[in-house]
Amino acid sequence: MSGTPRPAGDNDGGRPPEAPSSQGPPPRKPSSQEHPPKAPSSQGPPPRKPSSQGRPPEAPSAQGRRPPKALSSRARTRLAAGTLLAPFFALFTVAMIVPVAYALWLSLFTEKQSGLGFDGPRTVFDGLGNYAAALGDQAFREGFWVLLGYCAFYIPLMGGGAIVLALLLDTALARARRFFQLALFLPHAIPGLIAALIWIYLYTPQLSPVVAAMEAGGIGFDFFSSGGTLPSIVNIALWEWLGYNVVIFYAALQAVDRSLLEAATVDGAGNWRIAFSIKLPLIRSSLVMVLLFTIIGSLQLFTEPLILSRGSGSAVTSTWTPNMYAYSAAFERNDYGLAAAASVLIALVAAVLSFAVTRFTNRKEARP
């Protein structure tokens, strides 16, 4: 041993200290439990796998999501529509669907006496027996023949008269249109019962100034006879409903484009040609509507003949029309099943005629 002091920091092996490297420590080699870092990819991160720990899914993108404003607007629209339609459907159900369903149910039952009749009548299921009884009754079938004759008189006079009066009001020569519209519509505002009573007074001899004037002129006509009953009832119905249909036709004529009428006038078309070649074809929908309502109203003929049947010497019986037959069966004979069956049959006839009229008019409009 040389006895020279040992420099500080020398190791125990006696090796000289290594000089520090300018390149820093050598790179660390990855162990078998570590993965080398991956280079960033230019295609973006890989898709994220769903977690098994119940992580909530990501929110959808803004392109696939409906804006909440549109949903709230549609919800408000549906709520408003439902609010406005709810009273109508409630009233329609109570006033239309429920009575029709009850009439159908009632028509399937009848009342029969049990034993010697001491226990009173009992209601039993009869199926289509009431329908067979109504169709087999001659009075019920004759009522439809009366309606057929009534329609043959009433519908042409009603439709033709309303069209002529509406065309006259629509011409440029008409004066005081408001007055004539009110004068024609005013009878419709009077209830049918009051109108029938007024005309019974005018039809009654020794009371009516109309009959007295006709007799003074040498015209004798019995409004209550078998031959005069139908014209009398047609006259009452015309007085009530003519002005109503005139207003409908006049409103439709006011919607006709006036430039078409002016062009036709410049081309030399007269008033008749303009009326029948331009105006009437353009109000075809109103004509069909009035025809349909008139047919349905004719099948419901009840008030006028019922009031006339109370007159002395009237030829109108209690079963003169199908509606009067149903009324007589219910409130005079207390046969509610037969009355309900007759009412259902009348409704079926009205539905078939309405379908036939609409189908016929739609087919004619579809033709080129």
Side-chain angles (χ1 to χ4, degrees), residues 103 106-107 130-159 187-188 190-205 207-208 210-211 220-242 293-354:
L106 195 63
S107 66
N130 289 320
Y131 294 94
L135 293 174
D137 195 340
Q138 184 179 359
F140 183 70
R141 297 196 307 268
E142 288 179 352
F144 284 99
W145 288 108
V146 172
L147 285 182
L148 182 62
Y150 173 80
C151 292
F153 277 97
Y154 174 66
I155 293 177
L157 292 175
M158 171 64 71
H188 179 70
I190 300 176
L193 178 63
I194 305 301
L197 291 174
I198 293 173
W199 280 101
I200 283 181
Y201 166 77
L202 295 176
Y203 289 156
T204 303
L207 294 177
S208 171
V210 176
V211 175
F221 188 80
D222 188 2
F223 291 97
F224 298 102
S225 64
S226 59
T229 300
L230 189 61
S232 302
I233 294 176
V234 169
N235 177 60
I236 298 174
L238 285 173
W239 186 77
E240 289 183 82
W241 292 95
L242 184 65
F293 287 172
T294 304
I295 292 175
I296 296 175
S298 300
L299 292 175
Q300 298 175 0
L301 182 63
F302 175 75
T303 304
E304 294 83 1
L306 181 65
I307 299 301
L308 258 68
S309 66
R310 303 294 189 263
S312 59
S314 176
V316 179
T317 62
S318 61
T319 58
W320 198 66
T321 64
N323 269 344
M324 294 180 66
Y325 177 88
Y327 177 83
S328 175
F331 301 105
E332 293 180 4
R333 290 175 282 171
N334 295 325
D335 194 345
Y336 298 104
L338 180 62
S343 302
V344 172
L345 291 174
I346 296 171
L348 288 177
V349 172
V352 170
L353 289 177
S354 302

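All values below were derived from every heavy atom in this structure, side-chain atoms included, with hydrogens, water molecules and symmetry-related copies excluded. Residues take their numbers from the sequence shown, with the count starting at 1.
- Distance check, rounded to the nearest 0.5 Å: CG of Asn235 to CD of Glu240 gives 10.0 Å.
- Residue Met158 comes nearest to Ala237 through the heavy atom pair CE-O, 4.0 Å, listed as atom of the first residue, atom of the second, then distance.
- Side-chain atoms of Tyr154 and Thr294 include no donor-acceptor pair closer than 3.5 Å.
- A side-chain donor-acceptor contact under 3.5 Å links Ser354 to the backbone of Ala350.
- When atom types are taken as modelled, the side chain of Ser343 and the backbone of Ala339 share a donor-acceptor pair closer than 3.5 angstrom.
- What you find for Asn130 and Leu338 is that their closest heavy atoms are O-CD1, 3.6 Å.
- The backbone N or O of Leu207 sits nowhere less than 3.5 Å from a side-chain atom of Thr204 that would complete a donor-acceptor pair.
- Nearest heavy-atom pair, Cys151 versus Ser298, reported as atom, atom and distance to 0.1 Å: SG-CB, 3.4 Å.
- Residue Val211 comes nearest to Pro205 through the heavy atom pair CG1-CA, 4.2 Å, listed as atom of the first residue, atom of the second, then distance.
- Looking only at distances, no side-chain donor or acceptor of Thr319 sits under 3.5 Å from a matching main-chain atom of Tyr325.
- Here the side chain of Thr321 pairs a donor or acceptor atom with the backbone of Leu301 at under 3.5 angstrom.
- Here the side chain of Asp335 pairs no donor or acceptor atom with the backbone of Ala329 at under 3.5 angstrom.
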Note to self: As a quick check of understanding, evaluate side-chain contact (heavy atoms from CB on, under 4.5 Å) for Leu345 and Phe140, giving each step before the final call.
What the structure shows: CA-CA 10 Å; Leu345 291 174; Phe140 183 70; 4.0 Å; yes
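- Nearest approach of Thr317 to Met324, heavy atoms of both residues: O-CE, 3.0 Å.
- Tested against Phe223 for a ring pair (Phe, Tyr, Trp, His ring centres under 6.0 Å), the candidates Tyr203, Tyr201, Trp199 yield a single pass: Tyr203.
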